[in-house]
Amino acid sequence: MSVLARAHALLPPLLTPLHRALPFALLDLIGAARLSSVINWAATGVFDAPGTARARDSDGTHRRATALQELVGLMLIVFGPETFLAACTGGTPGWLLDPKLPLLFAVTHIVQTRTPLRALLPAAPSLALELVLAVPDAIGRSLLLTRVTVVPLLHPSSLSPTSPLRGLPPTPASLLAVPFISAVPFAALAFTGLHLFAPAPRVDTPAELRPGGWRAADVWIAVVVPALFLVLVGPVDGWPWGASVDEDDAFVLCAAFTSAVFLGRAYWNFGRIKAAVKRKGQKSKTH
């Protein structure tokens with residue numbers, strides 16, 4: 001068995017429901033908890049620009065969005081893309097047929113942010129935390145950008161009659177646009193376009209559309225990973241270029257690439273900051 005095949009063999013346990021009473025895969029649980037944590041950091045002002053002053057409630061705590069408002073933003077991020085694609089193609093969003101995943105994300109967020117368990121969660125991201133979660137994040141993102149959005153277009157016979165992707169022909173444009181739509185615009189709207197995790201929502205230019213916004217890893221990776229996957233598995237219907245690599249092996253290579261990007265991003269965002277603060281402290285001691 002090749003190295004790629006052995007690596008791919010580690011994937012099924014992450015995607016298999018844990019128990020009949022808990023019909024969710026481990027990756028679903030990690031993804032729901034991870035997204036809830038990021039939303040909680042945004043709602044508590046961790047990502048606010050330096051010098052930004054948040055209003056305080058009567059008890060002295062920083063004001064945050066209501067639970068309902070945060071859930072609206074969460075649902076927009078997770079299920080907005082599928083709903084949009086269904087509206088475009090005449091399909092039915094999967095969450096309308098089976099509401100288990102919306103319930104999982106909603107309950108997870110309420111438990112993590114509105115119960116005493118919130119005291120057990122990290123109040124802000126850190127280098128160690130981001131490094132630990134970089135690989136699970138990368139696997140989930142790679143699945144979204146390949147298996148969930150590209151592979152169904154390459155194998156339309158596997159789609160259910162109500163799938164939002166059924167009837168959408170595989171073309172270079174659709175094979176790149178569908179994963180991008182599924183990963184970028186609705187998260188951009190929720191976080192910085194509508195500020196749904198701020199105490200008062202407002203309409204603004206999403207960060208991804210501001211100068212330099214395209215450099216964010218979440219933006220360009222939504223184009224690069226599907227293109228890499230297609231170049232590896234092609235030539236296929238709708239994509240005439242490629243190296244004829246097996247789809248499972250291609251996915252492992254895409255996940256490895258995304259893991260490297262996310263690990264690098266974690267160090268760039270947090271390791272450099274920590275090192276700069278340390279150097280600044282050492283300089284201050286010498287003066």
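A quick note: this is a predicted structure, and the numbers were derived from the prediction, not measured.
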A.B. asks: I need the H195 NE2 to D204 CG distance, nearest 0.5 Å.
C.D. replies: 4.0 Å
A.B. asks: Please, which pairs that meet salt bridge (Lys or Arg N to Asp or Glu O under 4.0 Å) have at least one residue in residues 240-255, sequence neighbours excluded?
C.D. replies: R147-D248
A.B. asks: Quick one: does S158's side chain have a donor or acceptor within less than 3.5 Å of a partner on P152's backbone?
C.D. replies: no
A.B. asks: Drop me the distance from S182's OG to L145's CG, to the nearest 0.5 angstrom.
C.D. replies: 8.0 Å
A.B. asks: Please answer whether the main-chain N or O of T92 pairs with a side-chain N or O of T162 as donor and acceptor at a distance below 3.5 Å.
C.D. replies: no
A.B. asks: Under a 4.5 Å cut-off applied to non-hydrogen side-chain atoms, are V135 and S259 in contact?
C.D. replies: yes
A.B. asks: Look at the side chain of T89 and the backbone N and O of P164, then say whether any donor-acceptor pair between them is shorter than 3.5 Å.
C.D. replies: yes
A.B. asks: Checking F186 against I181 for the side-chain contact (heavy atoms from CB on, under 4.5 Å) test, could you report, in this order, the C-alpha distance in whole Å, the side-chain angles of both residues, the deciding distance, and whether it holds?
C.D. replies: CA-CA 8 Å; F186 288 88; I181 291 170; 4.3 Å; yes
A.B. asks: Looking only at heavy atoms, what is the nearest atom pair of P199 and Q69, with distance?
C.D. replies: O-OE1, 3.9 Å
A.B. asks: Testing the 3.5 Å rule here: is there a donor-acceptor pair between the side chains of S163 and S160?
C.D. replies: no
A.B. asks: Would you mind listing the cluster partners of L144? Hydrophobic ones only (ILVMFWY), side-chain contacts under 4.5 Å, chaining allowed.
C.D. replies: V148
A.B. asks: Running the 4.5 Å side-chain criterion over Ile, Leu, Val, Met, Phe, Trp and Tyr, what cluster does F180 land in, apart from itself?
C.D. replies: V184, V219, V223
A.B. asks: L35 and V46: same hydrophobic cluster, using ILVMFWY side-chain contacts below 4.5 Å?
C.D. replies: yes
A.B. asks: So V261 and W220, do their side chains get closer than 4.5 Å, heavy atoms only?
C.D. replies: yes
A.B. asks: Kindly determine whether R141 and V225 satisfy side-chain contact (heavy atoms from CB on, under 4.5 Å), including the steps that lead there.
C.D. replies: CA-CA 9 Å; R141 189 68 57 87; V225 169; over 6 Å; no
A.B. asks: Which heavy atom of T44 sits nearest to which heavy atom of R64, and what is that distance?
C.D. replies: CG2-NH1, 3.7 Å
A.B. asks: Considering residues at least two apart in sequence or located in another chain, which fulfil the ring-ring contact (aromatic ring centres under 6.0 Å, His included) criterion with F191?
C.D. replies: F197
A.B. asks: Just grab all the salt bridge (Lys or Arg N to Asp or Glu O under 4.0 Å) pairs involving residues 124-137, residues at least two apart or on different chains.
C.D. replies: R34-E130, R34-D137
A.B. asks: Please indicate whether W214 has more than 12 foreign heavy atoms, meaning atoms of other residues, nucleotides or ligands, lying under 6.0 Å from its CH2.
C.D. replies: no
A.B. asks: Heavy atoms only: give me the nearest Q112-S36 pair and the separation to one decimal.
C.D. replies: NE2-OG, 3.0 Å
A.B. asks: Treat each ILVMFWY residue as a node, draw an edge where side-chain heavy atoms are under 4.5 Å apart, and state whether L129 and F47 are in one component.
C.D. replies: yes
A.B. asks: Determine, using the 4.5 Å side-chain heavy-atom cutoff (strictly less than), whether L71 and I39 are members of one ILVMFWY cluster.
C.D. replies: no
A.B. asks: Report the hydrophobic cluster partners of V111, with the cluster defined as I, L, V, M, F, W, Y residues connected by side-chain heavy atoms closer than 4.5 angstrom, directly or transitively.
C.D. replies: V107, L117, L120
A.B. asks: When Ile, Leu, Val, Met, Phe, Trp and Tyr are grouped by side-chain heavy atoms lying under 4.5 Å apart, directly or through other members, which residues fall in the same group as L209?
C.D. replies: none
A.B. asks: Between F251 and L143, is the side-chain contact (heavy atoms from CB on, under 4.5 Å) condition met? List the steps.
C.D. replies: CA-CA 8 Å; F251 170 77; L143 284 169; 3.6 Å; yes
A.B. asks: Any idea which heavy atoms bring I30 and P136 closest together, and the distance?
C.D. replies: CG2-CB, 4.2 Å
A.B. asks: I need the L230 CG to L176 CG distance, nearest 0.5 Å.
C.D. replies: 6.5 Å
A.B. asks: Could you verify whether a donor N or O on one side chain and an acceptor N or O on the other, from T258 and S142, lie under 3.5 Å apart?
C.D. replies: yes
A.B. asks: In terms of hydrophobic clustering (I, L, V, M, F, W, Y; side-chain heavy atoms under 4.5 Å; direct or indirect links), are L27 and L29 co-clustered?
C.D. replies: yes
A.B. asks: Given the rule that I, L, V, M, F, W and Y join up when any side-chain heavy atoms are under 4.5 Å apart, are L26 and F24 in one cluster?
C.D. replies: yes
A.B. asks: Report yes if the side chains of L121 and N40 come closer than 4.5 Å at any heavy-atom pair, otherwise no.
C.D. replies: no
A.B. asks: With side-chain contact (heavy atoms from CB on, under 4.5 Å) as the criterion, how do L175 and L154 come out once you've worked through the C-alpha distance, each side chain's angles and the decisive distance to 0.1 Å?
C.D. replies: CA-CA 9 Å; L175 290 168; L154 299 179; 3.9 Å; yes
A.B. asks: Please tell me if the side chains of L196 and L189 come closer than 4.5 Å, counting only heavy atoms from C-beta onward.
C.D. replies: no
A.B. asks: OG/S37 to CZ/R118 distance, rounded to the nearest 0.5 angstrom?
C.D. replies: 13.5 Å
A.B. asks: Measure across V245 and A250 and return the closest heavy-atom pair with its distance rounded to 0.1 Å.
C.D. replies: CG1-N, 3.9 Å
A.B. asks: Could you list all the salt bridge (Lys or Arg N to Asp or Glu O under 4.0 Å) pairs where at least one residue sits in residues 162-177, not counting sequence neighbours?
C.D. replies: none
A.B. asks: Heavy-atom distance under 4.5 Å between the side chains of P125 and W41, does that happen here?
C.D. replies: yes
A.B. asks: Using a 3.5 Å cut-off and no angle test, enumerate the donor-acceptor pairs between side-chain atoms of residues 72-87 and protein atoms at least two apart in sequence or in another chain.
C.D. replies:
unit_1 : atom_1 : unit_2 : atom_2 : d
E82    : OE2    : G94    : N      : 2.5
T83    : OG1    : F79    : O      : 2.7
T83    : OG1    : W95    : NE1    : 2.9

A.B. asks: Can you tell me how far apart CZ (R114) and NE2 (H109) are? Round to the nearest 0.5 Å.
C.D. replies: 5.5 Å
A.B. asks: Which value, rounded to the nearest 0.5 Å, describes the distance between L228 atom CG and L253 atom CG?
C.D. replies: 7.0 Å
A.B. asks: Indicate every side-chain donor-acceptor pair of residues 9-20 with a distance under 3.5 Å to a residue at least two apart or in another chain.
C.D. replies:
unit_1 : atom_1 : unit_2 : atom_2 : d
T16    : OG1    : P12    : O      : 2.7
H19    : ND1    : A21    : N      : 2.9

A.B. asks: Could you name each residue pair satisfying salt bridge (Lys or Arg N to Asp or Glu O under 4.0 Å) that touches residues 257-266, not counting sequence neighbours?
C.D. replies: D218-R265
A.B. asks: If you take all heavy atoms of P240 and P235, which pair is closest and at what distance?
C.D. replies: O-CB, 3.5 Å
A.B. asks: Applying ring-ring contact (aromatic ring centres under 6.0 Å, His included), name anything that partners W241, two or more places apart in sequence or on another chain.
C.D. replies: W239
